[in-house]
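The structure appears right after this line, and notes come after that.
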Protein chains: 2
Amino acid sequence: MSGAQERPLRADAARNRARLLDVATQVFATRGVGVPTEEIARAAGVGVGTLFRHFPTKEALLEAVMMRRLETIAAQAAQLPAESAPAETFFDCFRLVVEQSAGKSEFAQALAAAGVDAHAALQESSAAIRARLAELLAGAQRAGAVRPELGLPELIALLVGTTTTMEHLGNDVSARERIFAVVFDGLRPR
Amino acid sequence: MSGAQERPLRADAARNRARLLDVATQVFATRGVGVPTEEIARAAGVGVGTLFRHFPTKEALLEAVMMRRLETIAAQAAQLPAESAPAETFFDCFRLVVEQSAGKSEFAQALAAAGVDAHAALQESSAAIRARLAELLAGAQRAGAVRPELGLPELIALLVGTTTTMEHLGNDVSARERIFAVVFDGLRPR
DNA sequence: CTAGAATCGGACTAGCGACTCCGGTTTCAA
DNA sequence: TTGAAACCGGAGTCGCTAGTCCGATTCTAG
């Protein structure tokens, strides 16, 4: 594909880049995708010029943030054991994705609106998650723990929807648990 | 509170106002809240000046559109019979809200971002829906058709989330039915 | 330590979108 | 029919934000 960056970044450049990513992740999650680029730069303690050198476009910054998130989720999902308890693992993974995706729907939406190739860059990362989900879904269905007529598209839509549901509940942990109970029981065969 | 408009609108003014509302509803639902105001005016066959005289702010236009939607939903929800079959009516109402709310989450989000008092104007309309939902929820719970530990906040969050789920499924009717099956079965006591 | 290459910072530009303003047009009461 | 109040239209204003440019400022190889 594409070569890695030949020359390692200068120390300060690397520091700034990392700082920008962290701050952007935080700010986007807190205040939405609409925040002016300049604020992110200021919060990271750099000028806008620096930001735009590292990420030539606001969309590129969003993409980088999303990428990191997806990779985190994919890594965590990969660690779940699939063999021993397929059903349990499936539900654990569902939980994982929902909990790690808090605030992500806005990102996806922003990226979708910004064009198709943005997705292309991310599909590489999200494909891993999708594959993992498909695998776990199949396992859970084979074990009779999830209704067999459900496909991957429905599962993903349900993940997104459940994330939205959780966002509307804020930090009420017991309410969140009740929602999980509803969704998980609904996924099981009657 | 506030008096109704004393003087009935002039014929052309009333026509334009109605047309703007219709077009805005359509365009917002189709292309999102980000559409330039001018496009809505053009699509309605009027100038921007006219639009802004009827709705002094883009937010006001959004609010008016939302209001009409909420009133429609409230009216339809009010017609459902509550006495005969509480459980069935509850699920019918759930369906109704989800199906009528397609694309609404974006509105709510936009309004929420625009300030608190926007909500105040709408709460009057949405209070009716909320009250109706609470009534039907209680009825269904009394009939043993919905798990008793669920409260109104969870129900509303679930409605919003299910709407999002449906939006991600597009027009795949059978997939939508499978989602309804999951959610409805999940709502029932184990 | 030093040269010079890489990086920084923030004033500046461009473009877009919400909203205003006012001369021209339409409605309607008498 | 007619006058004037209400309404229309769209060019223009204003503010905001993504993205550029270049002199000043580090970093690092030697």
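Below, chain A is the first sequence line, B the second, and so on; all start at residue 1. Treat the numbers as computed from the prediction; the structure is a model and nothing was measured.
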Original post:
Residues two or more places apart in sequence or in another chain: which of them pass side-chain hydrogen bond (donor to acceptor under 3.5 Å, both in side chains) with B/R130?
Top reply: B/S126
Original post:
Looking at CG of A/L61 and CE of A/M66, how far apart are the two atoms once the value is rounded to the nearest 0.5 Å?
Top reply: 12.5 Å
**OP:** Identify, with sequence neighbours excluded, every residue that meets ring-ring contact (aromatic ring centres under 6.0 Å, His included) alongside A/F184.
**Re:** A/F91, A/F94, A/F180
With [X] via salt bridge (charged side-chain N to carboxylate O under 4.0 Å, His left out) - residues at least two apart:
X	value
B/R10	B/D12
B/E38	B/R42
A/R19	none
A/D92	none

Subject >> salt bridge (Lys or Arg N to Asp or Glu O under 4.0 Å) partners of residues 150-173 of chain A, not counting sequence neighbours, each pair once >> reply: A/E154-B/R178
**OP:** Walk along DNA chain D from 5' to 3' and tell me the first and last nucleotide with an atom closer than 4.0 Å to a non-hydrogen atom of chain B.
**Re:** D/dA5 to D/dA11
Original post:
Nucleotide by nucleotide, 5' to 3', does protein get under 4.0 Å of the base (B), only the sugar-phosphate (S), or neither (-) in nucleotides 24-30 of chain C, counting heavy atoms?
Top reply: --BSS--
**OP:** Any chance you could list the contact pattern along nucleotides 10-23 of chain C? Use B for base contacts, S for sugar-phosphate-only contacts and - for none, protein heavy atoms under 4.0 Å, 5' to 3'.
**Re:** BB-----SSBB---
Subject >> Contact list for residues 133-151 of chain B, test side chain to side chain donor-acceptor pair (under 3.5 Å), sequence neighbours left out >> reply: A/D185-B/R147, B/R132-B/E135
Side-chain donor-acceptor pairs under 3.5 Å in residues 25-35 of chain B, sequence neighbours left out?
| from | atom 1 | to | atom 2 | distance (Å) |
| --- | --- | --- | --- | --- |
| B/T25 | OG1 | B/L21 | O | 2.7 |
| B/Q26 | NE2 | B/T30 | OG1 | 3.2 |
| B/T30 | OG1 | B/Q26 | O | 2.7 |
| B/R31 | NH1 | B/E39 | OE1 | 2.8 |
| B/R31 | NH2 | B/E39 | OE1 | 3.2 |

